[in-house]
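A quick write-up on the structure given underneath.
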Amino acid sequence: MRTQVCIIGGGPAGLFLAHVLHAAGIESIVIERQTKNHVLSRIRAGVLEAGTVDLLRQYGLAGRMDRDGMPKDGTRIFWEGKADFWIDVIRWTGKRMMVWGQTQITEDLYAARERDGGEMVFEVENVALHDLDGAPSVTFDRHGESQRIDCDFIAGCDGFHGPSRMAIPADIRREYERAYPFGWLGIMVEKPPMKEIAYAYHSEGFAMASRRNPMLSRYYVQVPSTDKVEDWSDDRFWEALHRRLPEHAHGEIETGPSIEKSIAPLRSFVAEPMRWGKLFLAGDAAHIVPPTGAKGLNLAFSDVFYLSRALIAHFRENSDRYLDSYSQMALRRVWAAENISWRMTKLLHVFPGEDPFDQKIRQNDFDLLAGSEDIQRAFAFEYIGLPFED
Ligand code: FAS
Ligand code: PHB
């Protein structure tokens with residue numbers, strides 16, 4: 001097979017890149033390790049930055065979101081023993097976020113690719129990348145048959161565990177990482193959600209209340225990274241959530257049987273550079289953020305904004321200026337997201353073994369945020385996400 005861009009990974013980054021390139025008349029083939037249903041069965045992100053909302057609207061992917069999504073104008077912060085408060089993001093930034101699930105976005109992306117006759121190959125195995133500094137190609141097996149795709153460029157959109165990042169030579173690749181000794185146990189329940197999305201700090205651990213639609217709630221509690229989902233019955237989850245949220249909020253919590261329950265590990269990770277020859281990384285293939293800042297999916301979209309612009313300039317204008325600056329432009333926004341996500345995770349989680357000094361600093365960080373509109377304004381600008389361009 002031959003195409004202009006071979007995209008490894010059929011998650012949000014790979015599908016959105018294929019969609020945008022198609023709109024510009026550029027061919028691609030998406031190869032995906034799993035089945036489409038497996039990809040769609042994953043429960044992940046729930047909050048979109050304003051920049052992501054704009055991209056979905058620009059590329060005709062916002063119909064259901066604008067009908068069923070919920071604008072998010074700020075965020076509520078609960079704190080054990082202290083008054084909770086609202087950070088008024090729209091007041092400080094003039095921008096709105098949107099509560100809309102990654103699952104729905106991925107469904108719409110698959111529907112658009114199928115409508116447009118996009119080439120997608122599922123259940124691939126043994127994917128390998130070749131000749132990244134020459135005439136690149138990707139080989140893989142499928143149902144026992146070996147195949148090869150010759151291409152002009154490879155987009156590595158294969159997530160944290162994919163092969164693309166590792167195709168960058170070890171002596172070139174620089175990795176930066178924080179692993180956390182805890183994860184997020186998340187459940188989905190078919191009950192009306194709390195009024196607002198809220199983050200909560202409690203000495204027992206972090207908790208969070210979110211939603212997917214007016215009849216679908218999403219909740220999380222911090223659990224040790226050694227916990228397994230089977231350690232947590234629904235009752236145990238609801239008891240922990242009630243302990244970690246203040247009494248006055250309990251009336252908003254409608255409990256019920258979980259229809260999905262999983263533990264997401266937390267990690268901060270960045271691999272540089274995001275380009276090596278004809279290979280370009282986008283999304284989780286290059287970086288991971290703890291979900292505290294709701295940045296993971298949004299970074300996948302901003303990477304694709306930069307990468308699609310670069311590929312279109314190459315094929316349509318014979319200009320490589322954006323290809324040459326891709327890694328540097330994407331990483332500027334990546335590190336800003338890593339920063340706010342790391343700081344929010346430090347502020348809102350209990351770190352096993354932390355000393356009393358750490359605890360006093362956390363308390364002071366909270367008091368400063370709760371007590372100062374200037375600090376809330378600065379937080380809001382980081383939480384809404386950096387603009388794609390200066
Ligand atoms: P993805 O991982 O979504 O997609 C990569 C694709 O590549 C996958 O479909 C995979 O099957 C495929 N692939 C892997 N290896 C391959 C190979 N060898 N060949 C072909 N295909 C291959 N973000 C938030 O903002 N908020 C959240 O609450 C949140 N929760 C999360 C919970 C979990 C458990 C995880 C893992 C992530 C969460 N994220 C969250 C982040 C998440 O939304 C990612 O940022 C988003 O999926 C990134 O999209 P992609 O870069 O496309 O990577
Ligand atoms: C979610 O709805 O899953 C969600 C929302 C905000 C976050 C993390 C997760 O920061």
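Order of listing sets the numbers, starting from 1, for every ligand and every atom in it.
Taking the charged nitrogens against the carboxylate oxygens, Asp324 and Arg275 do have a contact shorter than 4.0 Å, which makes a salt bridge. Between Asp158 and Arg33 there is no salt bridge, since none of the side-chain N atoms of the basic residue sits less than 4.0 Å from a carboxylate O of the acidic one. A salt bridge between Arg236 and Asp231 is absent, with no side-chain N of the basic residue lying under 4.0 Å from a carboxylate O of the acidic one.
Here the heavy atom of the protein found nearest to atom 27 (C) of ligand 1 is Ala45 CA, 3.5 Å. For atom 42 (C) of ligand 1, the nearest non-hydrogen atom of the protein is Gln102 OE1, 3.6 Å. Regarding atom 12 (C) of ligand 1, its nearest protein heavy-atom neighbour is Glu32 OE1, 3.3 Å. Looking only at heavy atoms of the protein, atom 51 (O) of ligand 1 is closest to Asp284 N, 2.9 Å. Among all protein heavy atoms, the one lying closest to atom 5 (C) of ligand 1 is Cys157 O, 3.4 Å. Atom 52 (O) of ligand 1 has its closest protein heavy atom at Ala13 N, 2.9 Å. Residue, atom and distance of the protein heavy atom nearest to atom 22 (C) of ligand 1 are Arg33 CB, 3.6 Å. Summary of contacts: the protein heavy atom closest to atom 3 (O) of ligand 1 is Arg44 NH1, 2.8 Å.
With a 4.5 Å cut-off on side-chain heavy atoms, Glu125 and Arg142 do not count as touching. Looking at Phe16 and Leu61, their side chains come closer than 4.5 Å, going by heavy atoms from C-beta outward. Two residues are said to be in side-chain contact when any heavy atoms from C-beta on lie closer than 4.5 Å; Lys261 and Leu185 meet this criterion. With a 4.5 Å cut-off on side-chain heavy atoms, Glu373 and Trp92 count as touching. You'll find the side chain of Phe269 reaches within 4.5 Å of the side chain of Phe160, heavy atoms only. Proximity of Asp68 to Asn213: side-chain heavy atoms (C-beta onward) are nowhere separated by under 4.5 Å.
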Tabulating one pair per line, provide the atom names and distances (0.1 Å) for every N/O atom of ligand 2 that is less than 3.5 Å from a protein N/O atom.
| unit_1 | atom_1 | unit_2 | atom_2 | d |
| --- | --- | --- | --- | --- |
| ligand 2 | 2 (O) | Ser210 | OG | 2.6 |
| ligand 2 | 2 (O) | Arg212 | NH1 | 2.8 |
| ligand 2 | 3 (O) | Arg212 | NH2 | 2.8 |
| ligand 2 | 3 (O) | Tyr220 | OH | 2.6 |
| ligand 2 | 10 (O) | Tyr199 | OH | 2.7 |
| ligand 2 | 10 (O) | Pro291 | O | 2.8 |
| ligand 2 | 10 (O) | Thr292 | O | 3.1 |
| ligand 2 | 10 (O) | Ala294 | N | 3.3 |

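Here Phe388 and Phe301 keep their ring centres 6.0 angstrom or further from each other. A ring-centre distance under 6.0 Å is found for Phe85 and Phe366.
Contacts with ligand 1 closer than 4.0 Å are made by no heavy atom of Phe301, backbone or side chain. Looking at Pro265 against ligand 1, nothing comes within 4.0 Å, counting heavy atoms. When non-hydrogen atoms are compared, ligand 1 lies under 4.0 Å from the backbone of Ile31 (N, CA, C, O) but not from its side chain.
Legend: residues meeting ring-ring contact (aromatic ring centres under 6.0 Å, His included) with Phe182, ordered by chain and number and at least two apart, are Tyr180, His349, Phe351. By the side-chain contact (heavy atoms from CB on, under 4.5 Å) test, Pro193 pairs with Arg211, Ser217, sequence neighbours left out.
The distance criterion of under 3.5 Å between nitrogen or oxygen atoms is met by Leu297 with respect to ligand 1. Residue contacts with ligand 1: Phe160 is placed with no nitrogen or oxygen under 3.5 Å of a nitrogen or oxygen of the ligand (distance criterion only).
Under the 4.0 angstrom criterion for non-hydrogen atoms, His38 is not in contact with ligand 1. Judged by the shortest distance from any of its heavy atoms, Phe140 lies outside the 4.0 Å radius around the atoms of ligand 1. Using a 4.0 Å cutoff on heavy atoms, Gln34 counts as a contact of ligand 1.
Residue pairs meeting the salt bridge (charged side-chain N to carboxylate O under 4.0 Å, His left out) criterion with at least one partner in residues 161-175, sequence neighbours excluded, are Arg165-Glu175, Arg173-Glu175, Arg174-Glu272.
Between the choices Ala264, Gly11, Pro163, Gly156, the shortest heavy-atom distance to atom 34 (C) of ligand 1 belongs to Ala264. Comparing heavy-atom distances from atom 7 (O) of ligand 1 across Ile7, Val124, Asp158 singles out Asp158 as nearest.
Close approach of ligand 1 to Arg42 (heavy-atom distance below 4.0 Å) involves ligand atoms 8 (C), 9 (O), 10 (C), 11 (O). Taking every non-hydrogen atom of Val127 and a distance limit under 4.0 Å, the qualifying atoms of ligand 1 come out as 19 (N). Each of the following atoms of ligand 1 lies closer than 4.0 Å to a heavy atom of Gly162: 15 (N). Annotation for ligand 1: atoms under 4.0 Å from non-hydrogen atoms of Gly283 are 51 (O). Close contacts between ligand 1 and Pro291 involve ligand atoms 27 (C), 28 (O), 29 (C) [criterion: under 4.0 Å to a heavy atom]. Ligand-side atoms of ligand 1 in range of Tyr220: 28 (O), range being under 4.0 angstrom from any heavy atom.
The closest donor-acceptor contact from the side chain of Asp150 to the backbone of Arg2 lies at 3.5 Å or more, if one exists at all. Judged by distance alone, with hydrogens and angles left aside, the side-chain atoms of Glu80 form a donor-acceptor pair with the main-chain N or O of Ser203 at under 3.5 Å.
Looking at Tyr306, Phe280, Phe153, Trp276 one by one, the single match for ring-ring contact (aromatic ring centres under 6.0 Å, His included) with Tyr326 turns out to be Phe280.
Taking CD1 from Ile384 and CE from Met97, the interatomic distance works out to 5.0 Å, rounded to the nearest 0.5 Å.
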